[in-house]
Amino acid sequence: MLSDVDCGALGVVEQHRWDLMKKRKSVCGETYNPDEEDEDTEPRVIHPKTDEQRARLQEACKNILLFKNVDEEQLSQVLDAMFEKTVENGEHVIDQGDDGDNFYVIERGTFDIFVVINNESCLVGSYDNQGSFGELALMYNTPRAATIVATSEGSLWGLDRETFRRIIVKNTAKKRQMYESFIETVPLLKSLDLSERIKVVDVIESRTYQDGERIIAQGDKADCLFIVECGDVRIAMRRKSMVEMEGGEVEITRCGRGQYFGELALVTNKPRAASAYAVGEVKCAVMDVKAFERLLGPCMDIMKRNIAHYEEQLVNLFGTSVDLSEPSP
Ligand code: CMP
Ligand code: CMP
């Protein structure tokens with residue numbers, strides 16, 4: 001998981017990353033057009049693997065978001081093309097400013113992330129035995145945006161630039177087309193510009209829930225934000241005084257298409273303030289907390305204003321004032 005290390009400059013880092021991206025885009029003007037890229041003219045890359053290697057590779061790749069949209073045949077081509085790379089403690093896997101050659105999935109090992117800000121190399125995060133990196137230079141045709149240094153001996157799976165662009169970037173472009181009109185209708189994202197909304201699409205994952213299924217449990221630790229794509233979501237809360245009551249929960253509100261929930265715990269850094277249940281079949285776009293912090297800064301005002309509205313709602317329902325910044329019972 002990518003964990004941020006506070007160097008007091010995360011906002012600056014992200015701004016820097018954005019500026020770099022925007023600048024590069026306008027300098028080289030190179031955006032990806034899925035219909036223009038050569039499809040099958042290049043020979044397929046295949047790195048033969050033992051059954052044991054393939055099993056380890058599959059395990060390492062099972063939660064990689066960028067691989068989730070590709071079909072079975074394409075995934076098999078991706079896995080064929082991946083190669084194992086062992087690293088030593090202290091090894092630079094990627095250096096900021098270089099051209100992008102490979103995307104990497106971590107099988108094991110810890111890695112630090114450094115970004116140069118105001119001529120100083122700043123530690124902005126780390127990976128601990130899982131996750132992936134090196135996608136930005138390949139997706140947006142930019143130089144490497146960070147330096148990645150191994151802080152232990154470890155093992156990575158690399159995917160070459162050509163295969164990454166032929167399969168993964170092409171699928172990302174399809175995902176953008178698919179979500180384009182939906183994302184325009186989400187009020188929360190209105191303050192983002194187009195390129196920022198595209199980034200949001202690139203990081204969201206669709207999840208489906210059956211009627212009655214609990215999506216969020218009150219009191220749980222939070223790790224993502226939800227935007228309703230279709231169906232209705234019932235938000236319900238239990239208060240200390242209600243624990244003895246049947247069910248112990250009162251419905252507070254419902255969220256429909258385009259509305260969001262699950263942001264409160266991410267904003268306040270508290271456990272989930274309420275539970276959320278699917279009403280009928282529900283599909284949500286889910287964004288993890290790292291992407292939330294990285295991409296939704298400009299939407300923070302809207303979310304904070306809404307917290308006051310939640311508190312009002314709770315006063316109307318329960319008759320007493322509620323401080324949502326207090327941990328829930
Ligand atoms: P890329 O730019 O190809 O190479 C460096 C990688 O570091 C980058 O892709 C991301 O995958 C990863 N990374 C993680 N955190 C950051 C960050 N804050 N800024 C830039 N890159 C980051
Ligand atoms: P979170 O606390 O992360 O998880 C439960 C979610 O329910 C919460 O974020 C809000 O998005 C949503 N919610 C809707 N109405 C309220 C309310 N009145 N009080 C608290 N949470 C609410």
Side-chain angles (χ1 to χ4, degrees), residues 1 63 65 68 179 182-183 185-190 200-201 203-296 299-329:
M1 185 183 330
N63 290 323
L65 181 63
K68 287 200 173 157
Y179 275 101
F182 169 66
I183 228 69
T185 66
V186 177
L188 173 68
L189 306 178
K190 285 270 186 272
V200 168
V201 171
V203 299
I204 58 180
E205 179 187 351
S206 259
R207 287 191 205 157
T208 305
Y209 301 90
Q210 300 311 312
D211 184 31
E213 196 174 335
R214 191 165 65 182
I215 304 170
I216 279 181
Q218 183 174 345
D220 274 6
K221 192 172 173 297
D223 58 3
C224 49
L225 163 86
F226 300 79
I227 301 172
V228 182
E229 283 182 58
C230 59
D232 277 330
V233 172
R234 185 168 62 87
I235 307 287
M237 188 184 266
R238 91 188 119 73
R239 304 289 305 277
K240 259 186 201 143
S241 55
M242 297 166 46
V243 176
E244 305 301 320
M245 283 168 53
E246 199 188 343
E249 279 183 344
V250 168
E251 178 171 331
I252 308 173
T253 187
R254 290 195 177 204
C255 301
R257 183 176 162 82
Q259 291 183 296
Y260 64 91
F261 63 95
E263 84 300 355
L264 181 61
L266 303 183
V267 173
T268 59
N269 236 338
K270 302 283 177 195
R272 296 295 194 190
S275 295
Y277 301 91
V279 181
E281 193 178 284
V282 167
K283 199 167 153 198
C284 291
V286 184
M287 181 188 290
D288 76 26
V289 59
K290 287 291 156 204
F292 174 86
E293 286 168 356
R294 202 173 71 222
L295 300 173
L296 295 195
C299 313
M300 207 47 83
D301 281 350
I302 299 182
M303 290 188 267
K304 286 194 170 147
R305 274 201 302 277
N306 216 19
I307 295 179
H309 168 67
Y310 289 158
E311 286 176 342
E312 263 172 44
Q313 231 175 16
L314 298 181
V315 171
N316 290 339
L317 267 172
F318 298 110
T320 50
S321 70
V322 183
D323 182 355
L324 285 173
S325 54
E326 284 297 309
S328 38

Using the side chain to side chain donor-acceptor pair (under 3.5 Å) rule, collect all pairs that involve residues 277-286, keeping only residues at least two apart or in two chains.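 Checked against side chain to side chain donor-acceptor pair (under 3.5 Å) - neighbours excluded - the pairs reaching residues 277-286 are E249-Y277.
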Output, in order, the C-alpha distance, side-chain angles, deciding distance and verdict of side-chain contact (heavy atoms from CB on, under 4.5 Å) for I204 and V286. CA-CA 5 Å; I204 58 180; V286 184; over 6 Å; no
Is the closest side-chain heavy-atom distance between T268 and L324 below 4.5 Å?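 Counting from C-beta outward, T268 and L324 never come under 4.5 Å.
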Given side chains that start at C-beta, do those of V203 and D288 come closer than 4.5 Å, heavy atoms only? no
Minimal non-hydrogen separation, G262 against L266, with atom names: O-CG, 3.6 Å
Mind listing the closest non-hydrogen atom pair of G219 and P271 along with its distance? O-CB, 3.3 Å
So, using ring pair (Phe, Tyr, Trp, His ring centres under 6.0 Å) as the criterion, who are the partners of F261 when residues are at least two apart? F226
Residue list, side chain to side chain donor-acceptor pair (under 3.5 Å) with S206, at least two apart or on another chain: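 For S206, the residues satisfying side chain to side chain donor-acceptor pair (under 3.5 Å) (neighbours in sequence not counted) are Y179, E229.
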So, using side chain to side chain donor-acceptor pair (under 3.5 Å) as the criterion, who are the partners of N306 when residues are at least two apart?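 Y260.
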Is there any salt bridge (charged side-chain N to carboxylate O under 4.0 Å, His left out) pair reaching into residues 214-228, and which pairs are they, with sequence neighbours excluded?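 Checked against salt bridge (charged side-chain N to carboxylate O under 4.0 Å, His left out) - neighbours excluded - no pair reaches residues 214-228.
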Test side-chain contact (heavy atoms from CB on, under 4.5 Å) applied to L264 and I307, step by step: CA-CA 7 Å; L264 181 61; I307 295 179; 3.4 Å; yes
Atom CG in N316, atom CD1 in I252: separation rounded to 0.5 Å?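 N316 atom CG to I252 atom CD1 measures 12.0 Å (nearest 0.5 Å).
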Go through it in stages, so that I can follow the logic: the residues are I235 and V233, the test is side-chain contact (heavy atoms from CB on, under 4.5 Å), and I'd like the CA-CA distance, side-chain angles, deciding distance and then a yes or no. CA-CA 6 Å; I235 307 287; V233 172; 4.2 Å; yes
Any chance NZ of K68 has more than 12 other-residue heavy atoms, nucleotides or ligands included, within less than 6.0 Å?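 More than 12 heavy atoms, drawn from other residues, nucleotides or ligands, come within 6.0 Å of this atom.
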Could you walk me through whether F318 and V250 pass side-chain contact (heavy atoms from CB on, under 4.5 Å), step by step? CA-CA 9 Å; F318 298 110; V250 168; 4.1 Å; yes
Got a sec, which residues hit salt bridge (charged side-chain N to carboxylate O under 4.0 Å, His left out) with R254, two or more places apart in sequence or on another chain? E251
